[in-house]
Amino acid sequence: MSDIKDPLSSIFDRAMKNQVIFKNKNALRSEYIPNELHFRDDQITRIGQILSPILNRDKPSNLLIYGKTGTGKTVVTRYVLNRLIERTKKTAMDVKVGYVNTRVASTEYRVLTELAHSIGIILPFTGLSISEAFHRITEHIKATQTKAIFALDEIDFLVKLSGDNLLYELTRANESMPQTSFITLIGISNDLKFKDNLDARVLSSLNEEETVFSPYTVDELKAILLERVNIAFNTDVVTEAAINLCAGMAGSEHGDARRAVDLLRVAGELAEREGAGEVRDEHVRQAAQSIERDRIFEGIQSLPIHGKLTLLAVSRGREPENTGHIYARYIALAKQLGLEPLTQRRISGLLSELDLLGLISAPVISQGRMGRSKKISLAIQTDVLKAALTEDETLKPLF
DNA sequence: CCTCCACTGGAAACCTAGGCTC
DNA sequence: GAGCCTAGGTTTCCAGTGGAGG
């Protein structure tokens, strides 16, 4: 659509959309990979060096990458992999690169499905055993003499949820492969401590090489933002105050470039919506609120029905309450909808999950003779909650 | 120091949807 | 199409627990 050659139509399009603020908003999306990555030369060089043996048909070492969110781990990894693939295109080698975010593909099976997809085979989304899925992947790699690099992003989630079985199998798979094919693993993690949950054999194999990404400083964030501003916005639309604030807010957390860019994008959208000619610092402040609100809103919407009911049961109470009270109210709500209520054990589990999501606060406290229970209170604004819950048709009768 | 409350949270059994094989 | 298998969610069962009140 966008590469229509007719110059007039693109001029008209732009005029119709009244693009005073944005020039190319794609540069602010999280998947965007810039042509040049600043302040990450060391890491790029290092990862490049580690992976380069593949150009000589040798197996590169496995690699673990650490760093907080928004420090460029993902973008640098994808950048190096892209460049590597570009280079191998000129050769006859069958190099395949797979990238999976294991927080998104949250089970072992889904991870395998995506890895399979990256080497060109399709697995059904259910029905196969893990070992069968694994077998198909390794057989395909052997048969086609593929040299595969699999990047597992947010690998700590996979380990936390499903243990290190899959990693163990993946690291071991090379033992049964001929010289011509292999799997190299890149593990990317926010959490330095996740190593503790790994089997020693898995760790030693996965940790052949290690790279750490340190947080960006506020000045570095500012430079990154300035460059994105030039690509994404029209000239002189973004005030310096706005950029400084974005960099400052993101820097005060932990040098999170993704957050800085998100703030900038949403601030731009807000400015555009209110018809302002420029993006000012107040838009950035509004953006911070709006992002938080959206995060909560989506968190609630993606909850299963009983999770929503539990949340509603929490919100319908005053003061902090214990699990028993919440459960009683939950049962009443479920009955009103004609749903079979889940057990208290399950609701206790759901409450823990809601706590983890930051939607409620549910620390376990002991009240002596009054027993030991969770002390549950809502951690979000009721209007956001209500807005998100009323979107769900099945909950309509409760409002 | 002991009791005893009101759960917590681990473990295992059970259920369901859906693909596979024959 | 029957019978088998698995992942993921739920139920069942139950030992364990922190601390106010005795």
Side-chain angles (χ1 to χ4, degrees), chain A residues 100-117 120-140 152 154-170 196-197 199 299-314 317-335 337-379 392 394:
Chain A
V100 188
N101 184 316
T102 68
R103 185 158 58 128
V104 180
S106 55
T107 68
E108 291 185 333
Y109 189 83
R110 280 179 220 155
V111 171
L112 282 175
T113 315
E114 297 213 9
L115 291 181
H117 189 74
I121 50 180
I122 306 286
L123 298 181
F125 73 92
T126 176
L128 294 186
S129 64
I130 299 269
S131 54
E132 173 60 20
F134 192 79
H135 185 72
R136 289 194 190 182
I137 291 174
T138 47
E139 284 307 306
H140 181 85
L152 304 175
E154 310 204 50
I155 196 173
D156 38 323
F157 276 86
L158 178 69
V159 174
K160 212 174 290 168
L161 254 59
S162 328
D164 57 3
N165 252 333
L166 183 64
L167 293 181
Y168 179 67
E169 295 294 336
L170 280 171
D196 302 346
N197 300 327
D199 185 287
I300 297 173
Q301 278 197 315
S302 59
L303 248 34
I305 184 72
H306 290 286
K308 288 179 182 170
L309 279 178
T310 310
L311 198 53
L312 188 59
V314 175
R318 296 182 172 269
E319 297 313 296
E321 289 175 292
N322 57 26
T323 308
H325 294 145
I326 300 291
Y327 184 59
R329 199 171 312 115
Y330 155 81
I331 288 185
L333 289 170
K335 292 234 167 98
L337 290 182
L339 286 171
E340 193 64 31
L342 302 179
T343 56
Q344 178 159 342
R345 173 71 188 87
R346 182 68 191 123
I347 297 305
S348 176
L350 282 177
L351 285 167
S352 300
E353 287 174 33
L354 294 174
D355 188 13
L356 222 59
L357 287 170
L359 298 175
I360 64 174
S361 149
V364 177
I365 56 147
S366 187
Q367 302 151 285
R369 272 283 153 82
M370 305 293 286
R372 196 165 161 268
S373 176
K374 293 187 171 83
K375 182 179 147 214
I376 303 152
S377 51
L378 205 60
D392 191 327
T394 54

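Letters A, B, ... mirror the listed sequences (proteins, then strands); counts begin at 1.
For the OP1/OP2 pair of dT8(B) and a distance below 4.0 Å, the side-chain nitrogens and oxygens of Ser348(A) include at least one atom meeting the criterion. Residue Ser373(A) places no side-chain N or O under 4.0 Å from the OP1 or OP2 atom of dA6(B). The side chain of Thr323(A) contributes an N or O atom lying less than 4.0 Å from OP1 or OP2 of dT8(B). Phosphate contact (OP1/OP2 of dT8(B), side-chain N/O of Lys374(A), threshold under 4.0 Å): present.
Pairing each heavy atom of Leu342(A) with each of Tyr327(A), the nearest pair is O-OH, 2.7 Å. Minimum interatomic distance between Gly307(A) and Leu354(A) (heavy atoms only, all atoms of both residues): O-CD1, 4.1 Å.
Between the CD1 atom of Ile326(A) and the P atom of dT8(B) there is a distance of 11 Å, rounded to whole Å. For Ile331(A) and dT11(C), the CD1 to C1' distance is 14 Å, given to the nearest whole Å. In this structure, CD of Gln367(A) is placed 10 Å from C1' of dG19(C), rounded to the nearest angstrom. What separates NE2 of His135(A) from P of dT6(C) is a distance of 15 Å, to the nearest Å. Taking atom OH of residue Tyr109(A) and atom C1' of nucleotide dC20(B), one finds them 11 Å apart after rounding to whole Å. Residue Leu356(A) contributes atom CG, which lies 16 Å from atom C1' of dT8(B) at whole-angstrom precision. For Gln344(A) and dG9(B), the CD to C1' distance is 13 Å, given to the nearest whole Å. If you measure from atom CZ of Arg372(A) to atom P of dG9(B), you get 7 Å, rounded to the nearest angstrom.
A donor-acceptor pair under 3.5 Å links the side-chain atoms of Ser373(A) to the main chain of Thr323(A), judged by distance alone.
Taking for each of Gly368(A) and Ile376(A) the nucleotide of DNA chain B with the nearest heavy atom, the 5'-most of the two is the partner of Gly368(A). When each of Arg369(A) and Glu340(A) is assigned the nucleotide of DNA chain C with its nearest heavy atom, Glu340(A) is the one assigned upstream, toward the 5' end. Projected onto DNA chain B by closest heavy-atom contact, His325(A) and Arg345(A) fall at different nucleotides, the more 5' of which corresponds to His325(A).
Residue His140(A) qualifies as enclosed at atom NE2: its count of foreign heavy atoms under 6.0 Å is above 12.
No hydrogens or angles were tested; on distance alone, nothing pairs the side chain of Arg346(A) with the base of dG9(C) as donor and acceptor under 3.5 Å.
Of the candidates Thr102(A), Leu152(A), Leu112(A), Leu112(A) is the only one forming a side-chain contact (heavy atoms from CB on, under 4.5 Å) with Leu166(A).
The listed nucleotides are dA6(B), dA7(C), dT11(C); the one nearest the side chain of Thr343(A) is dT11(C).
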